[in-house]
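This report concerns only the one structure given below.
Heavy atoms only: backbone and side chains are in, while hydrogens, waters and symmetry mates are out. In what follows, chains carry the letters A, B, and so on, assigned in the order in which the sequence lines appear, proteins first and then strands, with residues in each chain numbered from 1.
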Protein chains: 2
Amino acid sequence: MEEANHNRCENCIIRQFNSLRAMSKAELKKVSDSKITKKVKKGEALFEEGDKLDGVFCVREGISKLSKLSANGKDQIVKLASKGEVMGQRSVIAEEYTNLSAVAVSDMEVCFIPKDSIVHTLSRNPDYAIEILRHMAHDLKEADDVIVNMSQKTVKQRIAEAFLYLKNNYGEDDQGFLVLTLSREDIANVVGTATESAIRIISEFKKKGMIRTSGKKIGVLNEKLLQDLIEGF
Amino acid sequence: MEEANHNRCENCIIRQFNSLRAMSKAELKKVSDSKITKKVKKGEALFEEGDKLDGVFCVREGISKLSKLSANGKDQIVKLASKGEVMGQRSVIAEEYTNLSAVAVSDMEVCFIPKDSIVHTLSRNPDYAIEILRHMAHDLKEADDVIVNMSQKTVKQRIAEAFLYLKNNYGEDDQGFLVLTLSREDIANVVGTATESAIRIISEFKKKGMIRTSGKKIGVLNEKLLQDLIEGF
DNA sequence: TTGAAAAGATGACAATTATCATGTATTATT
DNA sequence: AATAATACATGATAATTGTCATCTTTTCAA
């Protein structure tokens, strides 16, 4: 008899948050039998731009940055993926080389699911396809928002937005610092600016009492001031 | 007996270029029976940001801009949709209000397909779902590229890219002018800059012999110079 | 056709942002 | 613990881009 352990996808809570929840028991069993659980240390890459992925990564723990190298040698972080998110779906579905790199920004635990079980389910279970479609439609809408933000907001506004985003999505620790700690360089790469500019703006926010820092850690002190700045006051 | 006219989706060539090609004959018949063909004049809107769409628009002729209004009152053009493209799929699938406005930039002919037939097919025909999925995966990848361009390239580079894009995607007329003529304001809204900045850069390109103009029309004279500029020389 | 409105063009200037240089603090490694 | 490497910080300066004002040209409707 099979043991009901937590390494089985059937029992994995994470699944509830992503498209895998539309899979049948049998499909899920197949996925579970073929998947590999991996630990990835902060700073390590899950995959690199241009890789051919033969599967997707389901995030169980930790956070990964998805970035793209620009012609002038700077990394642009396009998305942060955390618990429950599935990375690499796009490339697997479109059968293309991936256009993004994935690097852990905190220690991670991920499940690698070979593409066979994904593709197989896709062509047989319309609910699963629709579920992925919904997720992708959502991502696309978010991407549109990012495009508008990038082109219409100032760097200051984008950094303020980033801090509120980090607060709302990953929360604060008991001392009020953002749980997800990014390097200044990563922050710069999220908002698409030079590292020095990001550092300068962080200093300015600190002087104005909007945030406080302790080493790399950042704590939001005055959410309203940040919000006002974002809205252009 | 049914007449085999060109207003039937079954006989529409456009269909070959989009996800409708994965539909069965019966499904296509249903779509065709419920669709409405419309003419839209240049400058008219197909739908506005925030509208609830009860169907999708399939472009038969002409070009539409898909844009989003930013907080500071400027429009950001996120995508141009031309022959064969289906607009509004995202909102219909995600069952959300649309996040974009669609306005014709040239006279258009579009088919409006009520969402029922789309949704119905989606849940029954996995091939159709996969086909849409592929298209959306592609759009998402393109959106990532736009994000990187917006944040890492200068306005000059983005305008140069836009001209090459227009040339490669919509071609030139017999006098070598770009077929798709956009107003200076639209060009500015595509690359995310002020109209004056766009005009200034266009003047500069003209002085340097990269392009020539005649009224609104723009002709690419030296593709290599533009390409070099894009690549940072 | 003719005047009003819209679009295009350009100068002057201000604000934003990038780059380079340099110094200090932190972190990692032996 | 010492040292090297990396990240953070800040000044000085230059380049880019936005804003406001004004003028010309084109477009369009009466």
**Request:** Quick one: list whatever passes side chain to side chain contact (heavy atoms under 4.5 Å, CB included) with B/E85, sequence neighbours left out.
**Result:** B/K79, B/A81, B/S82

Result block: side-chain N/O donor-acceptor pairs under 3.5 angstrom for residues 171-181 of chain B, not counting sequence neighbours:
from   : atom 1 : to     : atom 2 : distance (Å)
B/D173 : OD1    : B/Q175 : N      : 2.9
B/D173 : OD1    : B/G176 : N      : 3.0
B/D173 : OD1    : B/F177 : N      : 2.8

Show each protein N/O and nucleotides 7-11 of chain C N/O combination with a separation under 3.5 Å, one pair to a line.
from   : atom 1 : to     : atom 2 : distance (Å)
C/dA7  : O3'    : B/K216 : NZ     : 3.0
C/dG8  : OP1    : B/R184 : N      : 3.4
C/dG8  : OP1    : B/K216 : NZ     : 3.2
C/dG8  : OP2    : B/R184 : N      : 3.2
C/dA9  : OP1    : B/R184 : NH2    : 3.4
C/dA9  : OP2    : B/R184 : NE     : 2.8
C/dA9  : OP2    : B/R184 : NH2    : 3.3
C/dT10 : OP2    : B/S203 : OG     : 2.6
C/dG11 : N7     : B/R200 : NH1    : 3.1
C/dG11 : O6     : B/R200 : NH2    : 3.1

**Message:** Can you list, in residue-number order, the parts of residues 143-165 of chain B that come under 4.0 Å of DNA chain C, counting heavy atoms only?
**Reply:** none

Under 3.5 Å, which donor-acceptor pairs do the side chains of residues 152-159 of chain B form with other protein atoms, sequence neighbours left out?
from   : atom 1 : to     : atom 2 : distance (Å)
B/Q152 : NE2    : A/Q76  : OE1    : 3.3
B/K153 : NZ     : B/N149 : OD1    : 3.2
B/K153 : NZ     : B/E161 : OE2    : 3.1
B/T154 : OG1    : B/Q157 : N      : 3.2
B/T154 : OG1    : B/Q157 : OE1    : 3.4
B/K156 : NZ     : B/E204 : OE2    : 3.3
B/Q157 : OE1    : B/T154 : N      : 3.0
B/Q157 : NE2    : B/L229 : O      : 3.2
B/Q157 : NE2    : B/I230 : O      : 3.1
B/R158 : NE     : B/V191 : O      : 3.1
B/R158 : NH1    : B/M150 : O      : 3.4
B/R158 : NH1    : B/K153 : O      : 2.9
B/R158 : NH2    : B/V191 : O      : 2.6
B/R158 : NH2    : B/G192 : O      : 3.3

**Message:** So for atom OH, which belongs to B/Y97, do other residues, nucleotides or ligands contribute more than 12 heavy atoms lying within a distance under 6.0 Å?
**Reply:** no

**Request:** Report yes or no: do A/N189 and A/D75 form a side-chain donor-acceptor pair below 3.5 Å?
**Result:** no

**Prompt:** Which nucleotide of DNA chain D is the first, and which the last, in the 5' to 3' direction, to come under 4.0 Å of a heavy atom belonging to chain A?
**Reply:** D/dA7 to D/dA12

**Request:** Applying side chain to side chain donor-acceptor pair (under 3.5 Å), name anything that partners B/S70, two or more places apart in sequence or on another chain.
**Result:** B/N72

**Message:** Checking B/T213 against B/K206: is there a side-chain donor and acceptor pair closer than 3.5 Å?
**Reply:** yes

Just distance, no hydrogens or angles: give the donor-acceptor pairs under 3.5 Å from side chains in residues 44-52 of chain B, sequence neighbours left out.
from  : atom 1 : to    : atom 2 : distance (Å)
B/E44 : OE1    : B/K41 : N      : 3.2
B/E49 : OE1    : B/L69 : N      : 2.9
B/D51 : OD2    : B/E48 : N      : 2.9

**Prompt:** Run the side chain to side chain contact (heavy atoms under 4.5 Å, CB included) check on A/L166 and A/L182 step by step: do they pass?
**Reply:** CA-CA 10 Å; A/L166 293 176; A/L182 293 174; 4.1 Å; yes

**Prompt:** Can you list the residues that meet the side chain to side chain donor-acceptor pair (under 3.5 Å) rule with A/D107, with sequence neighbours excluded?
**Reply:** none

**Prompt:** Bend angle of the helix from C/dT1-D/dA30 to C/dT30-D/dA1 from five-pair axes at both ends, rounded to 10°?
**Reply:** 50°

**Message:** Nearest whole Å is fine: how far is C/dA18 P from A/N189 CG?
**Reply:** 12 Å

**Asked** Between CE of B/M210 and CD1 of B/I218, what distance do you get to the nearest 0.5 Å?
**Response** 13.0 Å

**Request:** Please work out which residues in residues 63-80 of chain B have a non-hydrogen atom less than 4.0 Å from an atom of DNA chain D and list them by number.
**Result:** B/K74

**Item:** Cation-aromatic face contact A/K38/A/F112, 6.0 Å, 45 degrees
**Value:** yes

**Pairs involving residues 179-203 of chain A, ordered by first then second residue, that meet salt bridge (Lys or Arg N to Asp or Glu O under 4.0 Å) (sequence neighbours left out)** = A/K65-A/D186

**Item:** Check: A/E223/A/Q227 side-chain N/O donor and acceptor closer than 3.5 Å
**Value:** no

**Request:** Answer yes if the side chains of A/S101 and A/K68 hold a donor-acceptor pair under 3.5 Å, and no otherwise.
**Result:** no

